[in-house]
Amino acid sequence: MRLTRGPLDHRRNPHVFMRWKEHFLVPDHRITAIQGASFAGFYYICLDSRTGAILGFYYHQSSEMFQSLHMRHVPARTSGTWEFM
């Protein structure tokens with residue numbers, strides 16, 4: 001697979017792979033720790049550009065295994081909206 005800059009050809013490769021890192025909570029960005037939760041790990045994410053669905057898995061060496069994130073786009077006549085599944 002070649003990495004290129006510029007427009008992505010969604011017909012040839014509809015999946016975009018990313019690694020997401022949490023830095024703070026919304027709406028209070030001043031919260032730096034939550035009992036039983038961790039910001040130390042990463043989400044490994046796959047975006048399906050055909051459907052807008054996002055599938056991800058959280059990883060940190062001391063966290064419970066196979067924590068997953070599933071989101072899909074919810075069409076609306078206003079700004080973009082996401083719904084957790």
Side-chain angles (χ1 to χ4, degrees):
M1 180 169 114
R2 256 182 61 201
L3 296 178
T4 60
R5 295 189 188 261
L8 184 64
D9 185 353
H10 301 291
R11 292 166 294 186
R12 287 189 56 219
N13 188 3
H15 299 98
V16 179
F17 298 94
M18 299 170 269
R19 186 173 83 161
W20 289 358
K21 174 72 176 152
E22 291 177 296
H23 290 280
F24 57 86
L25 291 175
V26 174
D28 190 350
H29 66 278
R30 296 168 297 176
I31 297 174
T32 58
I34 297 176
Q35 180 72 26
S38 169
F39 292 106
F42 293 90
Y43 284 94
Y44 292 91
I45 302 292
C46 178
L47 166 66
D48 184 334
S49 63
R50 294 174 296 186
T51 65
I54 293 176
L55 170 63
F57 292 94
Y58 181 76
Y59 175 78
H60 182 264
Q61 64 187 16
S62 62
S63 292
E64 181 180 330
M65 293 184 66
F66 308 115
Q67 295 180 51
S68 62
L69 173 72
H70 301 263
M71 296 189 294
R72 65 180 174 88
H73 182 257
V74 177
R77 295 179 185 234
T78 60
S79 62
T81 305
W82 290 86
E83 177 180 287
F84 286 95
M85 301 181 341

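What you see is a predicted model; the values in this text were computed from it and never measured.
- Of the inter-residue distances, the one linking F42 atom CZ with E22 atom CD reads 11.0 Å to the nearest 0.5 angstrom.
- The cluster map of Ile, Leu, Val, Met, Phe, Trp and Tyr, joined by side-chain heavy atoms under 4.5 Å apart, puts Y59 and M18 in different clusters.
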Check the pair L47, H15 against side chain to side chain contact (heavy atoms under 4.5 Å, CB included), reporting the backbone distance first and the verdict last.
-> CA-CA 6 Å; L47 166 66; H15 299 98; over 6 Å; no
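- Here the OG-CZ distance, from S68 to F57, works out to 5.5 Å after rounding to the nearest 0.5 Å.
- Interatomic distance, F17 CZ to L55 CG, rounded to the nearest 0.5 Å: 9.5 Å.
- Contact record, G41 with K21: O-NZ, 3.3 Å, taken as the closest heavy-atom pair.
- The hydrophobic cluster containing V16 does not contain Y44, counting ILVMFWY residues as joined when their side-chain heavy atoms lie under 4.5 angstrom apart, directly or transitively.
- In this structure, the side chains of I54 and Y43 stay at 4.5 Å or more apart for every pair of heavy atoms.
- Cluster annotation: Y58 and I45 are assigned to the same hydrophobic cluster (Ile/Leu/Val/Met/Phe/Trp/Tyr, side-chain heavy-atom contacts under 4.5 Å, transitive).
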